[in-house]
Amino acid sequence: MDYLYSILILIGLFIILASSFDLVIGHCGLISIAHPIFYAIGAYVSAMLAKHNIMPIPLAMLSGGVVAFVASALVAVPALRVSGDYLLIASIGFQLGLIELAKHIHEIGGAGGLTNIPSFLIRDYGRESYVVLVLVLAGLTVLFIKWLTQGPYGRMMAAMRDDELAFSMLGRNAIWVKVSVFGIGSGIAGIAGGLYAHYFRFLEPDQFGLLQSSAVLTMVVVGGLRTAWGPVIGALVLQLMPQMITFFNLPPSVLGPLQGLIFTGLVLVFMFKRPQGLLAAPVIWTGKAPEKRGA
Amino acid sequence: MLSIQNLYAGYGSLEVLKDIGIDLQDHQCVGIFGHNGAGKTTLLRSIIGAVVPTSGRLTWDGEELPYGDVPATVKRGIAFVPQGHNVFPNLSVEKNLVIAGALFGEAFLSEVLQLFPVLQERRSQRAGSMSGGEQQMLALGMALMTKPKWLLLDEPSTGLAPVIVRNVMDGLRDVNRRFGTGILVVEQNVPATLKLVERAIILKSGQIVFDGSRDELSAKKDLWEWF
Amino acid sequence: MAVLEIRNLCKSFGGIVVADQIDLDLKAHGVLGLIGPNGAGKTSLFNLICGVVPPDAGSITLDGLSMEGQPIHERARLGLARTWQTLRLFPSLSVIDNLMLGPRDYSADRLIDVFLRPTYIAQREREARQRAEYILERTGLIAIKDSPVMDITYGQQKLVGVARALMNEARCLLLDEPMAGVEGQTYALIQKVVRDLAESGVAICVVEHNVAFIKDLCDEGVFMFAGKVLARGSVDQLIADPHLTELYFGT
Amino acid sequence: QQTSYKFGMAMPLTGGQATYGNDQVKAAQWAVEEINKKGGINGKPLEMIVMDTQADPQVGIQSVNRMISVDKVAVFVTAWSGVVKAVAPIANDNKVVELSVGANSPDISQLGDYVYTTFPLADVDIRAVAGYSAKEMGKKKAAVLFINNETGLGSATVYRDTFKKAGGEVVAYEAYDQKATDFTGPLLKIRAANPDIIHLQGLVAESPQVIAQARQLGITVPITSYSGIYNQKLIEQLGAAAENVIATSLAPGVEDSPLVKDYVDRWVKEVGRAPNGLPYTQYLYDTPALVAAVFTALDKKGIAPTGENFRKEMLAIKTFDLPLTGKVTFAEDHTVNKPVYLVEVKNGKWTKKAVVGQ
Amino acid sequence: MFDVAVVSQILWTSFATSSYFVLFAVAFALVLKVNKVFNFAQAGVMTCGFYAAYVAVRLLEWPGFAGLLAGIAGALLMSFILEYFGFAVLRQRKASPMFVFIFTLIVSQFISYAIMLVFGTWPTTIFASMFWPVTLVGGIAVSAWDVPAIAATLVVLIALWVFLRFTRYGQFMLAVADNADLAELYGIQKNKVLMISMLMAGVIVAIGMFLYGSRAQVQAAAATELMLFAVASTILGGIGNIWGAAVAAIILGIVQNSSILFIPSAWQGFLLYAFLFFAIVLFPRGFRLPERANKLKRTIRAPDALVTKQEG
Ligand SMILES: Nc1ncnc2c1ncn2[C@@H]1O[C@H](COP(=O)(O)OP(=O)(O)OP(=O)(O)O)[C@@H](O)[C@H]1O
Ligand SMILES: Nc1ncnc2c1ncn2[C@@H]1O[C@H](COP(=O)(O)OP(=O)(O)OP(=O)(O)O)[C@@H](O)[C@H]1O
Ligand SMILES: [Mg+2]
Ligand SMILES: [Mg+2]
């Protein structure tokens, strides 16, 4: 059953990651692909705090989120002043730079990775409890982001994405909006990192590189940018598909490439069938249903 | 002769043009007037091929225009100056003109520069940094570079100072006389346009409510009130 | 007392001078018409006032407060609103949502408030919506309030731009060719809206090439050429000046 | 009673490491076929469940979970340090034996009760080559050039320490970036230090190029490396520049054992080339034999082949005699020790130079 | 350590090796500028170009020059497929830029798996031998690869410059890059221009891969890493600025190779990224030349009467 649980947990974690990434890259239009580094920061911080018994695990996870939140400001404040594609490269620099740095820090396991991270819940309540925890948090994340982006703040993000200058001319501080959203998204990713660390109990810097970035980004985009359920579907499909392909019983000599070929081929088919994503966002921003937002 | 018969066009489920029929004689100067939203832009865009009509026929000298294929229509000799965003912002003024004329035979640059002296002065300026009116002049110049047989203009006087509006209208008349270019112009500035055109068409909610000579329009007091 | 004071404002792009020692006052209750040939520097003047382009020299004060070095959004918060010659609407929003971003009330802009004061924000939303609907009513746009702004005509988009600027209960309103591309019938409507606003104490400056519109609307006019203010007076006076007429209307 | 015996094989079949992973799996597969042809586990077939890890811990975790939960294997084989470490908690929690073949990070021994390695750790061959250079070859000044990743760094440190201990001096100690495509900088630094031997610790992908550039820059001293560069292609690609290149092998070579010769011949015949990373594939070829031996013992005694029982039986047997790599004995610290074979390029051919630690 | 011989050797070799980086960066920048696509599928095109050359030279035993042509053909074919069956379709269906980006990412993975399936994963070179003899020029080792590589790159760059500057389609590319819909109003066929730019990028990339593959080993997944370098150069060079990308590629190449002299080797990777990060923060607009506004002047003046009146 471990197999099923670990898949469910990974799906839950990727739902959290993809949704929060969608908040940053889709709703706020911030082209950064460094999302996994905040996941990593959350994971490492939480793991280290718990490993050295500095605080109980739930608190450690929260602290991971907070540290990721703060770290995001380090990228955001200088880089967002220039916005657009420059954020992209600054974020890549930040991501890969931190990964390199982590490889040189012995205390957190260096390049060899951090082992023996304490586990959480499993010993006392069984693996099911962890699955429930992750899935509940994933659900909450999705609902939270849906709620946030359909409210007035969502409208602000949409306008800022469209035309920053006109947005500022209405007296609204674009940088501040960006930094806040980037922070929230990264903070959520940080908490997800903590959840990852205490279940899988091994962390390695290279796990959080560009491969991970492109995996999450694919989930968001294939699922549907700027939709509440798109990232969820993306995470489900892209997480389950490769698992299903392993049941095909392919001959071992071509197993690896063929699995990859089938997987990417299927994704390409999806992309051609639904060029706006599996779920397409409405053409214009629409808040909550009008009857609700009235009196 | 450019002929439009039973044309219906719209966007998705919204039908904008209903049963439009116009015959445009070669070398004619025709003005189209109407409310905001009457469908004037849509009409021009259907002719040029940027909007695919739902039904109806568009023919030029008996030949059907290629629906939905803008470059092919343009190469046949129909030019269109859209409303706003009508220059290449990151290229210099001169490049803009050269590229516009590249597919249409030998250079016509000096004539255009003569018509709009500002463009001569700003040859090396980035088009996007020019003032709104200057860009409008450039766009007109670019359309002329294609040496069209028909020139479709969507509110060309937008944002131009009166002196330039006058110049433009004079220039267009000149182009019409010298090269026999037919001109189809959509305008809000009715008085200025009436000095140029010999025929006026009025659109209302996607239908033609008036089609006649300039003098006929002047005679119709009720329509005048309307503006 | 002037709401907006411009002193000795200078700006040039390479060899092109767009503001040459400009001194200008905008007074409350007044509508100032800004005319001049294409490329005179009218839009550039607006850009300088709003902080979109930094000046080479000179000072700008709004209600006695210097705006030097303030970023765009800070200036807007002090009470400055404008429309753009090139529209600049938010294409992914509907007409009314474009307007809903306009109000000069930023108390709910912080993300933290979204969590801490949801009822307050809901109340703000209601107020903004009421105001937006009122303004759309007055500008004759109420029928298309839920259309995406990309699907309405150019003329309507222009009006939405004006309406959005009206949402900001500004001290000083700058309108850049609000009537270009708008049908003649709407002129009276907009003139009334602008006049009412001026009467309520706002300082307004309008750039327009439609002289008839300017003549009916403005108390006073300014003639710009090549970055210089060449003349100031009633619009009729300006038009009567043969030199200005030559520059602007041709002979 | 069992009708068949299953074991897992989680290797990188795609991604940057697939070059090795694929050939290793192929070798293991041949071995399984061989075993089954000879009657399997007392007449019952041995089944190998292959999963891709991409050498990525997260993918590895899923593959191993899948093998344990769905295929119910009692033992699985895996490699690459990141994966080996990442799946260790799963092996321990589920009481399933993890056999690491080729992960050479030294902390393997501390990963838990169920994690064993059948492959000597990295330091064994590096130590051998360093010691041999200093003592037998009489080199005094060595330069170390390594790729800047975990294994590169770890091995370089081992080389440096061993060489110093053996009385030599390390005159240059340079790394290059994993993404580098040109190595002039570090090579010039090494040239300036004027060493009489160079140890190169890189990946197959770039090692030939590093050697080529060294020779181009006029560095003619012998270059040692580990088993990664021990293949025929190196000689093709470098021609005369390959002379004086010394590699290690942790398994007997073609000249040492007729079985190995048959094995390599089979590669050439069926695949058209020698396997990538020959010694590793030899170990992988031997692993099914080891697994089969344990299963056979369990089957004879009629004990259920659970992970727990497998571990007990494996430790009870303790020493295995395997076809291509010879005797292997599980030490107390979960590791094994083996002799190191040194080979050198002489006149355009790999020739045996020495065997260290026999 | 810092003697002239060492420094000039490093400068020379890194300059020579930056040749293929320049080509990859220029191709990437071209497609980004004209087609508005962050074309990560360039890695796939690179791989196809390499393996086509490899098949021609190693398996069919054609001469090197024919191998180059085969490589170009392979890359062209891949570029064509990509544009015709991929980008053009997505464009028509109005896919968002982000979507197209992901599409390129997946395509590049797909190609790399397909290549793995056919050619396996063992790294290989175009020619059987990758050793290039050297000549000493004033103490600097110049390999037989260096000069042809630099020359080829120069030729490509000059040809591209001439094309963009003086040919009709070069000009059209600039127009389409600026505003594709408007370009159609001047008879320019958007799809054709976009296809040409893709094909040109294909040719450039194939030449780059031929240079790279005759000096270093390549395997199915190797192109991605090479391309990431091109992406970094493109962005540092200022997006939309093809020549900036080329310059950035040379600078990055030299920095990467010579940093060994100043930076402890263990920290190289880290400092490279830190450099990237701070370069963006400090030079937010890339290494861009200042705009040439000084040439502008107003020649139309107010009549004297007015000016004096104002002053009086
Ligand atoms: N892209 C579009 N999608 C959907 N509807 C559109 C689109 N463009 C225009 N419309 C609608 O079509 C109708 C006619 O528009 P059109 O632009 O032709 O009017 P117009 O006469 O040119 O007006 P104006 O004078 O304001 O430019 C309008 O009701 C408008 O809302
Ligand atoms: N960034 C820039 N670089 C160079 N020249 C510029 C720049 N911005 C504006 N200009 C020039 O400055 C002059 C003034 O421009 P501005 O947009 O203020 O004119 P305007 O008075 O608003 O004209 P219009 O009535 O045509 O809109 C123009 O000639 C324009 O070309
Ligand atoms: Mg219109
Ligand atoms: Mg203007």
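Residue numbering restarts at 1 for every chain, and letters A, B, ... go by the order of the sequence lines.
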Kindly list each side-chain donor-acceptor pair under 3.5 angstrom involving residues 205-215 of chain D, sequence neighbours excluded, with atom names and distances?
from: D:Glu206; atom 1: OE2; to: D:Tyr176; atom 2: OH; distance (Å): 2.6
from: D:Glu206; atom 1: OE2; to: D:Leu203; atom 2: N; distance (Å): 2.8
from: D:Ser207; atom 1: OG; to: D:Leu203; atom 2: O; distance (Å): 2.7
from: D:Gln209; atom 1: NE2; to: D:Thr181; atom 2: O; distance (Å): 3.0
from: D:Gln213; atom 1: OE1; to: D:Phe183; atom 2: N; distance (Å): 2.8
from: D:Gln213; atom 1: NE2; to: D:Asp182; atom 2: OD1; distance (Å): 2.7
from: D:Arg215; atom 1: NE; to: D:Ala241; atom 2: O; distance (Å): 3.1
from: D:Arg215; atom 1: NH1; to: D:Ile219; atom 2: O; distance (Å): 3.0
from: D:Arg215; atom 1: NH1; to: D:Val221; atom 2: O; distance (Å): 2.8
from: D:Arg215; atom 1: NH2; to: D:Glu243; atom 2: O; distance (Å): 3.0

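- In this structure, chain D has a heavy atom under 4.5 Å from the side chain of E:Phe21, while its backbone stays farther away.
- Between the D:Gln216 side chain and the E:Trp132 main chain, a donor and an acceptor come within less than 3.5 Å of each other.
- With a threshold of 4.5 angstrom between heavy atoms, E:Phe229 does not approach chain D through any atom at all.
- With values rounded to the nearest 0.5 angstrom, E:Thr125 atom OG1 is found 6.5 Å from D:Lys233 atom NZ.
- Between chain D and the options E:Ser129, E:Gly253, E:Ala141, the largest number of non-hydrogen pairs under 4.5 Å is found for E:Ser129.
- Within residues 21-31 of chain D, the residues having any heavy atom less than 4.5 Å from a heavy atom of chain E are, in residue-number order, D:Asn22.
- Atom CZ of D:Arg273 and atom CH2 of E:Trp122 lie 8.0 Å apart (nearest 0.5 Å).
- Proximity to chain D involves both the backbone and the side chain of E:Met130, based on heavy atoms less than 4.5 angstrom apart.
- At a 4.5 Å heavy-atom cutoff, E:Trp12 makes no contact with chain D through either its backbone or its side chain.
- Residue-environment remark: CZ (E:Phe127) exceeds the threshold of 12 foreign heavy atoms within 6.0 Å.
- Contact annotation for E:Leu136: neither backbone nor side-chain heavy atoms come within less than 4.5 Å of a heavy atom of chain D.
- E:Thr124 touches chain D through backbone and side chain together, each having a heavy atom under 4.5 Å away.
- Counting heavy-atom pairs under 4.5 Å between each of E:Arg215, E:Gln219, E:Gln109 and chain D puts E:Arg215 at the top.
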